[in-house]
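Throughout, a chain's letter reflects where its sequence line sits, starting with A, and its residues are numbered from 1.
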Amino acid sequence: MNPLLRIEDLHVDIPGAAGVLRALRGVSLTVNEGETFALVGESGCGKSLTAMAALGLLPRAARMRAGRLALDGQDLTRFSQRRWNALRATQVAAIFQEPMTALNPVLTIGRQMTEAYVQHGLGSETEARRRASELLERVGVLPVGRRLAQYPHQMSGGLRQRVMIAMALMCRPRLMIADEPTTALDVTTQVEILRLLQELQRDTGMALLLITHDLGVVAHVAERMAVMYAGEVVETGPVAQVVTQPAHPYTAALLRCLPVQATRDRPLVPIPGVVPALFGPLEGCAFRNRCALAGEDCAGSIPWRERAGQGYRCLRDEVPA
Amino acid sequence: MNPLLEVRNANLSFPTRRGLFGRGTAVPVLRDVSLRLETGQVLGIVGESGSGKSTLARLVLRLLKADSGAVLIDGQDHRDLSPRAFAAAVQPVFQDPYSSLNPKRTLAQILEMPLVLAGDFVAEERRTRVRAMLDRVGLPQRLLHSYPAQLSGGQRQRVAIARALMVRPRLLICDEPTSALDVSVQAQILQLFDELRRDFGLTCLFISHNLAVIERIADRVGVMYRGQIVEDGEGRTFFAGPQHAYSRLLLSSTLPPIPGRPLPDVARPWDAN
Amino acid sequence: MLIYLRDKLALSVLVLLTVSLIGFALLRLSGDLAASLAGENASLEEIAALRHSLGLDRSLIVQYGAWLADALRGDLGASFFTHEPVSRLFLDRIGVTATMAGLALVVALALSLPLGVIAALRPNTWIDRAISALALSGQAMPGFWLGLMLISFFGVTLRWLPISGSSTPAHFVLPVAVLALGAVPALTRLMRSGMLDVLEQDYIRTARSKGLPVTLIMLRHAMRNALLPVVSLSAVQLGALLGGSVIVETVFAIEGIGLLTYRSIQRNDFPVVQAMLVFVSVCYVALTLLADLLNAWLDPRLREA
Amino acid sequence: MSDIALPDPRRAALRRALRHGGLIAGLAVVAAVVLLAVFAPLIAPHDPAAQNLTLRLIPPAWQEGGNPAYLLGTDHLGRDYLSRLIFGARVSLAVGLSVMVLSGLIGATLGFLGGYFGGRIDDLVMYVITVRLSMPGLLVALAVMSLLGGSLVTMITVLSLLFWDRYAVVTRTAVRQLRQADFVTAARVAGASHRWILWHEVRPNVMPQILVVATLEMAMAILSEASLSFLGLGIQPPTPSWGIMIAEARSFLFAKPYLVWMPGLAIFALVLAINLLGDGLRDVSQPEGRR
């Protein structure tokens, strides 16, 4: 499989009134062509920030301190604003969590769908409209003619997310970044949107980088995954392995927190304590203050280890599932 | 014997006001809702957005008035209770841990509030009770004089639960109390609920869109769809084999973290929409 | 939208009636008009006769009713002093005042929209702080004093511009500048905060993720949303500019309705003052209505309210 | 359990305030002017009303013909300009502070009622606000002052009755949002009365915004007093008011421009300081961003 997106040792700082927040501390991951890669973690772990970095859209205050970004062998690290713009939509497209706010309320769906196509010189306004119609038809936003003239507020959340997806597909990107695309939706709508994404991926062959906190969604749609905690990737590997035999204690603990029917007769085991503050340099394992397996050796530097296709950052060999 | 909470054929609609002079139409939100909740039980209400589950909570809390039907607390219409008697019987816990605590008041003030309003306690007794309750919900005493801004989301939700329990109510109305929390924090709060049920014998109306959470916590389950309770029953029976097509759809849409399964088919044959 | 318009119109009429009634009552109850009109040496009989001839001996409600009936026919009464019809006095002078107010708003918008946008694009940088400081200073400047300072500098020291009257376009430069500078601070700050709000919205992130150039994002996606509150404020400001004309026209000796009103106030020429009060209210109500329509054109969500 | 050590919000606000240059500068100037006004009789070198026609129009001390005894010179009646400026601060502050408080009471009350109770009460409040907004404030003030005759008390009354609209609008909006907050609902369910909720739950959360409006209104009142007095329909001579001083100096605009710019500068400095104070208060109470 060919690697499409490579992120290597990414460090991002966010200076603020309370000090410099080390938001990302050496994140590395690779998304291969055509695959679905899930980036999983709880709020504040840096998963969205990583995705935004891959779009060149870090928040204004954030600084990329170190690391390399590459798309299909092209080094993006020193890209100018103009080259980023040329890349977005045509190579990397994105959809976001809140379909209610991600579309501009004062512009029609048609206008918002076609503008990037025309801007990137892929065709005329007429051609853009034709492609928009085809895509709306494909994602099931019907009747197409009327929908193109509508404004976002005239549609339900599920429909808007479909519009977002169609819009992201306009310029035939090779990678779609989906940042919590179904979190704001009802569960039945969530399944519809996930199915749609799967089908579209099969049709177009694009890769999908799925950012989510929901391990259930990951298990159903992703092939490989990375788990983030406190600005670091703590574990990565094929979904089937990571979810059933976690190698990192945090992944295991997260799974024990899920109140799903499969674990009905097992008690919930909450993770005690809270995430450490990420100000200043952090030595050792960030999870050790909440980890049942932690010892004094966890305060030192922790190597990245590999085992049977799984990579993880932990000293312990056996992690109880 | 009367159930602790009974809702009888409640109908409720929101009037849409068309301008200053217009009358407008009424949008039905609750349609002939009936339910019974026995002392010591947890009744889980599950449904998607717009199903009317939060409206049901607000109705029971007397924040809304039904067009017809009745809400009975221990056999007595809840509208006949004095504010004090009602507060002593029913208390709420809300979804948003940020909106549910006044940012300008300390934890001590927030937790004393229900006791001050109940009026039966001297200052010394209020302080003792607040300290005991902090321990009970797992918050350190040193937070007593801090403000909500100094707390994490999970800690805030503990405060909200503590505030609801201060007057030892007989019925707790929880409207999506864990939905705004991360799963690890959600697990902490669900565990707290388990402990509190054991210690206080809580009776609870627990509303959530998350079937897995409901399954963990509820003895009985009610499924709401478009303002109606389309199915209700004992928890284990329900999860073993839901009867209504919508319940089955809801259950099959819940995705467990088990790899290798395809996404379910969620066509809605009964509801061409 | 139609229902909204209907309500708004009905409300406007009610508001105008209330304002005219309040104005009427205030002016009538604040003192004995006949006594002050007749002069200090008038006898009681003379005052009574004057009161009767002006209709001031009738009850307040009757007087108001009579005024209203006339006003609806376009008859605003006649000046107590020159005995000219008030409507004529107004029509002769409205052009000057309206021109000034309109020009001032255009100038103010031309200054404050770019300033607000620049400040919002570079928040908390030196340029943002400089613009904020400018806005704060402008807000602290008394208009009449600014006018006098401008006269002293451009008119007397430099001798570039005429300092009073309204006969040539050059006469309007200083008064329009004073009026415009009065409106700039509020508009700039609103534009800045509006833009800051909009730039944080998810749909701006969406637009950026589509690789659109910054100028297009600004013009198509951000400006339109940020303009909504500015449109409303502009309407209010234009009303305020008409009211503010009293000071500017006094300082620069311009024969507009502001100066007319000032003189009429000084000599208790009640019909003129009442007319001015109602005129400004009508302008305000009409302008806010216009702003609502403009906003509905800008934002489709408002069309359905 | 290791906590994220978050600071006490009040202490954090105080720290932000102390680091806020504009707020400190504004506060310093306002405090200085207040001291000047309170101790005017002790500080002013001369009686501000004492005329001496032999000492007319002395230029400031640093100009040719200046007299060190009259640091800022004298006006057309030979009164000491510095002393008049110092006493003028009394009028400005008296009007500014009184109008700030009185109009605040009117506006905030209306805002609380409309915002909290909503429905028909809110319709009524909105109607009253609209009526007020559609009346030209300065014009009405001019007309009423002209009929009633200018005095400090009339001035304060008239301005207070006119300039409460911003209080009402801001308070109403803020209270409307707070009314929806879950902590208000929790208090209601706990049996709190409307009065209890308004005082304990709503008021503390609106106060910062009301304070910011208060500074704006104080500045506005000071400017209005100056304008009205300048037009001859406000405070009446010989009371030293900055607006009157400018009006009296107007005839000497060409010969003695400093007589005009000095009182104007005083108004400008005081109002600017108050605005800085207001901006600072807003920054400090809303740390999430400058708006």
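- The side-chain hydrogen bond (donor to acceptor under 3.5 Å, both in side chains) search around B:Asp96 returns none, not counting sequence neighbours.
- The two residues B:Pro264 and A:Val191 come nearest to each other via the heavy atoms O-CG1, 3.4 Å.
- Of the inter-residue distances, the one linking A:Leu254 atom CG with B:Asp182 atom CG reads 8.5 Å to the nearest 0.5 angstrom.
- Contact detail for B:Val183 and A:Glu42: the closest heavy-atom pair is N-OE2, 3.6 Å.
- The two atoms that bring A:Pro259 and B:Ala212 nearest to each other are O-CB, 2.5 Å, heavy atoms only.
- For A:Gln198, the part sitting under 4.5 Å from any heavy atom of chain B is the side chain, from C-beta outward, and nothing else.
- The contact list for residues 185-203 of chain B toward chain A, using heavy atoms and a distance under 4.5 Å, reads B:Val185, B:Gln186, B:Ala187, B:Gln188, B:Leu190, B:Gln191 by residue number.
- Taking CG of B:Leu263 as the reference point, atom CG of A:Leu196 lies at 11.0 Å (rounded to 0.5 Å).
- Contacts of A:Val243 with chain B are made by side-chain atoms alone, with heavy-atom separations under 4.5 Å and no backbone atom involved.
- The NE2 atom of A:His213 sits 11.0 Å away from the OG atom of B:Ser184 when rounded to the nearest 0.5 Å.
- For the atom pair CG (A:Leu185) and NE2 (B:His209), the distance works out to 10.5 Å, reported to the nearest 0.5 Å.
- For A:Val221, the part lying near chain B is the side chain, with the backbone staying farther off; criterion is any non-hydrogen pair under 4.5 Å.
- At a threshold of 4.5 Å between non-hydrogen side-chain atoms, the residues A:Gln190 and B:Leu255 count as touching.
- Taking every heavy atom of both residues into account, B:Pro256 and A:His220 meet most closely at O-CE1, 3.2 Å.
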